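One structure is given here, and the rest of the page talks about it.
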Amino acid sequence: MVKLTGYRKIKTAIFISGTGSNLKSLIKFSKTKKSPISINLIISNNFKAKGLKLGKINKIRKKVFNFKKQHKIENQILFILKKNKINMICLAGFMKILSKNFITRFKGKILNIHPSLLPKYKGLNTHQRVLENNEKYSGCTVHFVNSKLDSGKIILQKKVKISKNETKHSLAKKILVQEHKLYPRAILKTFNL
Ligand code: GRF
């Protein structure tokens, strides 16, 4: 668990792979007085990730890595995190699975958001699988990251009702709106705020 020291905000890195709408909501949150975190670094595995633009707009340092040689890259990332005094990581639509070694180095300090009501529907294509199984509800989960995919301790969840003519796109959109609210709330909870 990350501890708050005095009034200084916890330096946080956000890992993204795509649009970065969760990154956007986290940046907004980090600028509020009540936020225990500041966002100091954006890491991506995708040079074309739309979300990287948010780095420039908000003057946040960003680094992009080709994850082909993941072991080597993770060591480089660990070095950069240390150099920037990063003490917390939020995965936000980050599509790579971090190694056990990496996770151990940041034990209890990595959060992830997943678009399902975990432990149901871990992994990819969640919305499609949820609809195929005729579920009545889906939702999103913020959890701590451990070495098993989408399996760490759950911090918060939000349930949404599936409509009659729901498609995977409409469901993704509906859940994303909730994700943007849930992630900041989960961060506050992590700090007992
Ligand atoms: C979100 O639904 C997140 O839960 C999932 O990927 C999506 C990323 O969206 N892991 P964005 O890049 O934050 O807009």
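Model, not experiment: these values are computed from the prediction. Numbering of ligands and ligand atoms starts at 1, following listing order.
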**Message:** Which option wins on minimum heavy-atom distance to atom 1 (C) of ligand 1: Q178, M95, E179?
**Reply:**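 Among Q178, M95, E179, the closest heavy atom to atom 1 (C) of ligand 1 belongs to E179.
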
**Message:** Just to be sure I'm reading this right: ignoring hydrogens, which of L124, L23, I113 gets closest to atom 10 (N) of ligand 1? Compare them by their nearest heavy atoms.
**Reply:** I113

**Prompt:** At what distance is the nearest protein heavy atom to atom 14 (O) of ligand 1, and which residue and atom is it?
**Reply:**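 Atom 14 (O) of ligand 1 sits closest to the protein heavy atom S21 OG, 2.5 Å.
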
**Request:** Note the single closest protein heavy atom to atom 8 (C) of ligand 1, along with its residue, its atom name and the distance in Å.
**Result:**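 Going atom by atom, the protein heavy atom closest to atom 8 (C) of ligand 1 ends up being G93 CA, 3.6 Å.
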
**Request:** Check K122 against H114 and note the closest heavy-atom contact, atom names and distance.
**Result:**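 Closest approach of K122 to H114, heavy atoms only: CA-NE2, 3.9 Å.
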
**Item:** Shortest non-hydrogen contact between E74 and F102, atoms and distance
**Value:** OE1-CB, 3.4 Å

**Request:** Examine ligand 1 and decide if any of its atoms is less than 4.0 Å from a heavy atom belonging to I16.
**Result:** no

**Request:** Compute the minimum heavy-atom distance from G51 to ligand 1 and say whether it is under 4.0 Å.
**Result:** no

**T19: numbered ligand 1 atoms lying under 4.0 Å from its heavy atoms** = 12 (O), 14 (O)

**Request:** Within a distance under 4.0 Å of any heavy atom of G20, pick out the atoms of ligand 1 and give their elements.
**Result:**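 With G20 as reference, the close atoms of ligand 1 come out as 11 (P), 12 (O), 13 (O), 14 (O).
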
**Complete:** Counting heavy atoms under 4.0 Å, the part of L176 that contacts ligand 1 is side chain

**Request:** Taking ring pair (Phe, Tyr, Trp, His ring centres under 6.0 Å) as the test, write out the residues that go with F65, two or more places apart.
**Result:**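 For F65, no residue satisfies ring pair (Phe, Tyr, Trp, His ring centres under 6.0 Å) once neighbours in sequence are set aside.
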
**Message:** Please list all pairs meeting side chain to side chain donor-acceptor pair (under 3.5 Å) that have one or both residues in residues 15-26, counting only residues at least two apart or in different chains.
**Reply:**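 The answer is S17-N45, S21-H180, N22-E179.
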
**Item:** Close N or O approach (H114, ligand 1; < 3.5 Å)
**Value:** no

**Asked** Short question: side chain of N66, backbone of K68 - any donor-acceptor pair under 3.5 Å?
**Response** yes

**Lys/Arg N to Asp/Glu carboxylate O, E166 vs K174, below 4.0 Å** =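 Salt bridge between E166 and K174, a charged N being under 4.0 Å from a carboxylate O: yes.
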
**Message:** With rounding to the nearest 0.5 angstrom, report the NE2 to CD1 distance, H127 to I175.
**Reply:** 5.0 Å

